[in-house]
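Have a look at the structure below before the remarks.
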Amino acid sequence: MSTTHGDEEREHAAYDFAYVQEKWLPVWDELTPFKSGRADDPRPKKYVLDMFPYPSGDLHMGHAEAYALGDVISRYWVQKGFNVMHPIGWDAFGLPAENAAIKRNEDPRIWTYENIATQKASMRRYACSFDWDRVFNTCDPEYYRWNQWLFLKLHERGLAYRKDSAVNWCPGCQTVLANEQVVAGLCERCDSAVTKKKLNQWYFKITDYADRLLDDMQQLEGQWPDKVLTMQRNWIGRSTGANVQFVIEGRSEPISIYTTRPDTLYGATFMVVAADSDLASELAAGTTAEKDFKAYVEKIKADSDIDRLATDRPKTGVFLQRYAINPVNGEKLQIWASDYVLADYGTGAIMAVPAHDQRDLDFARAMKLPVRVVVETGEDDPNETGIATVGDGVVINSGLLNGLNRVEAIAKINAQLENDGLGKSARNYRLRDWLVSRQRYWGTPIPIIHCEKCGEVGVPEDQLPLTLPDATGLDLKPKGTSPLGAATEWLNVICPKCGGNAARDTDTMDTFVDSSWYFLRYPSSTNNEEPFSRKDVDTWLPVDQYVGGVTHAILHLLYSRFFTKVLNDMGMLDFNEPFTRLLNQGMVVMDGSAMSKSRGNLVRLSDELANHGVDAIRLSLVFAGPPEDDVDWSDVSPSGSVKFLTRAWRLSGDITSAPGIDFTTGDVTLRKATHKALNDAAFAVESFRFNVAIARVMELVNATRKAIDSGCGPADPATREAVEAIAIMLSLVAPYTSEEMWERLGHKPAVALAGWPTVDPALLVDDSVIAIIQINGKIKERIEVSPSISDVDLEKQAMSHPVIVEALQGASVQKVITRAPKLVNIVINS
RNA sequence: GCGGGAGUGGUGAAAUGGCAGACACGCAGGUCUUAGGAACCUGUGUCUUCGGACGUGAGGGUUCAAGUCCCUUCUCCCGCACCA
């Protein structure tokens, strides 16, 4: 490529993207076309939000795709005349920074802020339409101060609490993990096998909101991908059933079990309690089974989650030498302890109905326990097949329930249990409370002081932010307890309540706390009085369009929805769902699999940008296919994008008419193509079919090329109209090229603010259309007709067409379906 | 196992129940060129007796009409993981 930039030379060569990029960046810095929230801005508002990045090095291909898509949407609404807020910030706390700090033996702040600077510069070059005045980082004390404030509010409301429990422990990261961060038994971050550890930890009581998190999803139907809604529903996992009391021999209190199938109560042939529950130890205590039980518990503790996940894992357990009495028939049932019952779901105890539950059947067969069929489903006897019959059927062997179907039987037995004080209907959730403590340095300190006399005392609001102690001198290496515990000066404090000696909580918050409300902060990003102002959220929220990866379908979105509902209850917001519309973009992969250094299929964004230019890369990503599908970089053609952009750019140099010329006198055929493209592209963008929108622009470029070379010519007003429309439409995806085109067309920057041209409906009507004539659904002929032709006239023309007359010889017409102006279908006897 | 999604040319993909393959990539041929990895033009689903016929994973159904709706089935991808 030439290094000199004479105008004439550029005119004839493929246009020089590097030169154009350097040319426009300072101009845009000056113009700030995407600044939002100017006091006198009369435009209606829209909030378009991209999920903020984690600053782990420079931007990669995945960022390039996500931000290109968010930009199309944001820039589109700007062109449509909206005051769009499109902010960005950094999700800057977390383990990678801490691990880098350990490796480099320096403060994690250095690595973090360096990477933020790098990414920021890359985003500017990538021409993201961000409002740079609203930037913040979650590791700024001005931000995390409000994490602490919110924590205290949750604490006040009883929604932040501590409890002892067996938590997921990652031996690699040396920290606890939320349920959500354990993927198939492995740590989401480092892939270590997760183990259990009994610890006292902070939780957020998200389970209090389980029903609302489920029910409010109705509002999101059709606005969020179904996939995400389904994943959230499954994750919350509401089940309805009944708690039933079983009297235990030699125990004063009965045991409550949870079942979704109270209709099968007569089929219960034994009881199982979770082996790792307190209940199990209590029942085993003092029995002849105690020794075996203890050995069993030791054995299963040694098993990792991985072992537990094996689907064909044989059932194991210990008979506790204790008996329960079935409340419906007085039968004596053996009580077993097993690890296939979970201690923290329901009551940690179940009635086993082996005939109609596969797990119970597997256990019964392993332990030679009886199996009794109480639902006649028409399937083979589970005693023989080893396959539990779980389908609907008629209840049998069940006293007064006999002859009923499932729904009737459940209603009847529930009513009776309730009446007898032996049970009642109940709900359970798969969702557990959100474990937020982390034993790491690089996060928000939990603003609680532990006083021997006063217990948990919140750090007074006027002392926030409680900043992290200096990292120098602290050993950040994971060792199972928080590094903050070693910062003695920071740690030891006076109790704000009683003035006695006390100590700070040494844990930091899960970084998902940071991202659970950041979208509320952008409109008030410089507010030092409160996390966000009521006026700002009322103006801008909820987010109109959220764009991000499906990797956050459960965690981040669920937590954000939870926070929004809590803040709504606190009266700080008047909406209860934060994200009105959600778009999940796919991943960028290479040769069919995710890019990674070790796989050797890493495509570096910086290389691609250097080779093809920003616009071509953005275009390639957006044009590759539907935004939610993965893009395989080996399938796309950045050089094809360069070719197209050059073609479009060249058009702008061909126009010989002056800017401001009256388009209405222009060539009608080309004008129609222009208006159709504008109309179709807008529709496509609004329905997230960006690849189709680009196809429409390509068609218009082709039509305009033809018009200039062999049609109405470069001086025709319609040609200028077409090229201006192309520049404006291209501004959504190729900001540099379109700005350059706009200038060559005689306009001042920024093309981003030019406005989407108004579509003339009269120009959307074709002079004539092709109607197809079918006989029995097979196309026989095409005729050219007026688009306003009536059904009657179209049918008349079709029936008298020579080809049709010929084809209808000797046949009897049964029916004629006419859909003017597109189709006539003649149904005949054949 | 449960839940969700997807299967269309050589490739990425289009298609309010109404002309399947728009728009591209790739490939082939051509024009212009000292040259072409530039630009422009033409062709490009399969079969064909050149009339047409067939064609959206497979099989059935609804309909005047199905890639699209319904049922069955196969394959692939994603999520969950003993939740009673």
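Being a predicted model, the structure only gives us computed values, none of them experimental. Every chain is numbered from 1 and lettered A, B, ... according to where its sequence line falls, protein lines coming before strand lines.
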Closest to the [X] side chain, choosing from [options]:
X	options	answer
Asn702(A)	A24(B), A81(B), G18(B)	A24(B)
Val341(A)	C19(B), A84(B), C25(B)	A84(B)
Arg313(A)	C23(B), C82(B), A84(B)	C82(B)

Separation of [X] atom [atom1] from [N] atom [atom2], in whole Å?
X	N	atom1	atom2	answer
Asp632(A)	C77(B)	CG	P	15 Å
Ile770(A)	G18(B)	CD1	P	18 Å
Met729(A)	C23(B)	CE	C1'	14 Å
Leu361(A)	A84(B)	CG	C1'	14 Å
Met367(A)	C82(B)	CE	P	18 Å
Lys676(A)	C23(B)	NZ	C1'	13 Å
Leu229(A)	G79(B)	CG	P	17 Å
Asp654(A)	A39(B)	CG	C1'	12 Å

Taking only the [atom1] atom of each, what is the distance from [N] to [M] in whole angstrom?
N	M	atom1	value
G9(B)	C23(B)	C1'	15 Å
U46(B)	A39(B)	P	27 Å
C27(B)	U72(B)	C1'	40 Å
C77(B)	A84(B)	C1'	30 Å
G55(B)	A20(B)	C1'	9 Å
G37(B)	C19(B)	C1'	38 Å
A6(B)	A15(B)	P	14 Å
U16(B)	C69(B)	C1'	14 Å

Indicate whether the side chain of [X] and that of [Y] have a donor and an acceptor atom separated by less than 3.5 Å.
X	Y	answer
Tyr340(A)	Asp360(A)	yes
Tyr258(A)	Ser239(A)	yes
Thr264(A)	His356(A)	no
Ser687(A)	Arg689(A)	yes
Ser425(A)	Asn414(A)	no

Encode nucleotides 43-55 of chain B as B, S and - characters from 5' to 3', where the letter depends on protein heavy atoms closer than 4.0 Å: B to the base, S only to sugar-phosphate, - to neither. -------------
Walk along nucleotides 3-13 of chain B from 5' to 3' and tag each nucleotide B, S or - by protein heavy-atom contact under 4.0 Å, base first, then sugar-phosphate. SS------SBS
Syn or anti: how is G61(B) classified when any glycosidic angle within 90° of 0 counts as syn?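 Nucleotide G61(B) adopts anti.
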Does G55(B) count as syn, meaning its glycosidic angle lies within 90° of 0, or as anti?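 Here G55(B) takes the anti form, which means its glycosidic angle is more than 90° from 0.
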Would you please name every residue forming a salt bridge (Lys or Arg N to Asp or Glu O under 4.0 Å) with [X], sequence neighbours left out?
X	value
Lys315(A)	none
Glu806(A)	none
Asp630(A)	none
Asp635(A)	none

I'd like a table of atom pairs between the protein and nucleotides 61-67 of chain B - only N or O on both sides, under 3.5 Å - with the distance next to each one.
from	atom 1	to	atom 2	distance (Å)
C64(B)	OP1	Lys815(A)	NZ	3.1
C64(B)	O2'	Asn825(A)	ND2	3.1
C64(B)	O2	Asn825(A)	ND2	2.6

Phosphate contact (A84(B) OP1 or OP2) by Tyr340(A) side-chain N/O below 4.0 Å: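 Indeed not, no polar side-chain atom of Tyr340(A) lies that close.
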I want to check one thing: is the phosphate of G79(B), taken as OP1 and OP2, less than 4.0 Å away from some side-chain N or O of Arg233(A)?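 Looking at the OP1 and OP2 atoms of G79(B), neither is under 4.0 Å from any side-chain N or O of Arg233(A).
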Aromatic contact, Tyr429(A) with Tyr345(A) (centres under 6.0 Å):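 Ring-ring flag for Tyr429(A)/Tyr345(A): false, centres at least 6.0 Å apart.
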Sorted by first residue and then second, give each salt bridge (Lys or Arg N to Asp or Glu O under 4.0 Å) pair with at least one member in residues 780-789 of chain A; sequence neighbours left out.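 Counting only pairs at least two positions apart or across chains, no salt bridge (Lys or Arg N to Asp or Glu O under 4.0 Å) contact touches residues 780-789 of chain A.
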If you look only at distance, which donor and acceptor atoms sit under 3.5 Å apart when one is on a side chain in residues 636-644 of chain A and the other is two or more places apart or in another chain?
from	atom 1	to	atom 2	distance (Å)
Ser637(A)	OG	Gly640(A)	N	3.0
Ser641(A)	OG	Ser620(A)	OG	2.7

Whichever of Val550(A) and Asn428(A) has its nearest RNA chain B nucleotide further upstream toward 5':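 This one resolves to Val550(A).
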Of Ile772(A) and Gly346(A), the one whose closest RNA chain B nucleotide lies more 5':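 It is Ile772(A) whose nearest nucleotide is closer to the 5' end.
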For Ser652(A), side chain to side chain donor-acceptor pair (under 3.5 Å) partners two or more places apart: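 Side chain to side chain donor-acceptor pair (under 3.5 Å) check on Ser652(A) returns Arg744(A).
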Secondary structure string for RNA chain B (Watson-Crick or G-U under 3.5 angstrom, | for other-strand pairs): (((((((..(((.....[....)))((((((.......))))))(((....)))..(((((..]....))))))))))))....
May I have the step-by-step check of side-chain hydrogen bond (donor to acceptor under 3.5 Å, both in side chains) for Arg647(A) and Asn702(A), ending in yes or no? CA-CA 9 Å; Arg647(A) 246 166 90 76; Asn702(A) 292 342; 2.3 Å; yes
Does a side-chain N-to-carboxylate-O contact under 4.0 Å join Asp791(A) and Arg819(A)?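 Between Arg819(A) and Asp791(A) there is no salt bridge, as every charged N stays at least 4.0 Å from the carboxylate O atoms.
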Does Arg705(A) pair with Asp709(A) as a salt bridge, N-O distance under 4.0 Å?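 Yes.
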What's touching nucleotides 40-42 of chain B from the protein side, N or O pairs under 3.5 Å?
from	atom 1	to	atom 2	distance (Å)
C40(B)	OP1	Arg647(A)	NH1	2.4

If the plane angle is over 60° it's perpendicular, under 30° parallel, otherwise tilted; pick one for Trp434(A) and Tyr559(A).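 Rings of Trp434(A) and Tyr559(A): parallel, under 30°.
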Assess whether side-chain hydrogen bond (donor to acceptor under 3.5 Å, both in side chains) is satisfied between Gln232(A) and Trp224(A), documenting all intermediate values. CA-CA 11 Å; Gln232(A) 295 230 342; Trp224(A) 282 31; over 6 Å; no
How close do Ile413(A) and Asp263(A) get, counting heavy atoms only, and between which atoms?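 In terms of heavy atoms, the two residues are closest at CG2-N, 4.2 Å.
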Taking any heavy-atom pair under 4.0 Å as a contact, classify Arg689(A): base, sugar-phosphate, or nothing.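 Contact class for Arg689(A): sugar-phosphate only.
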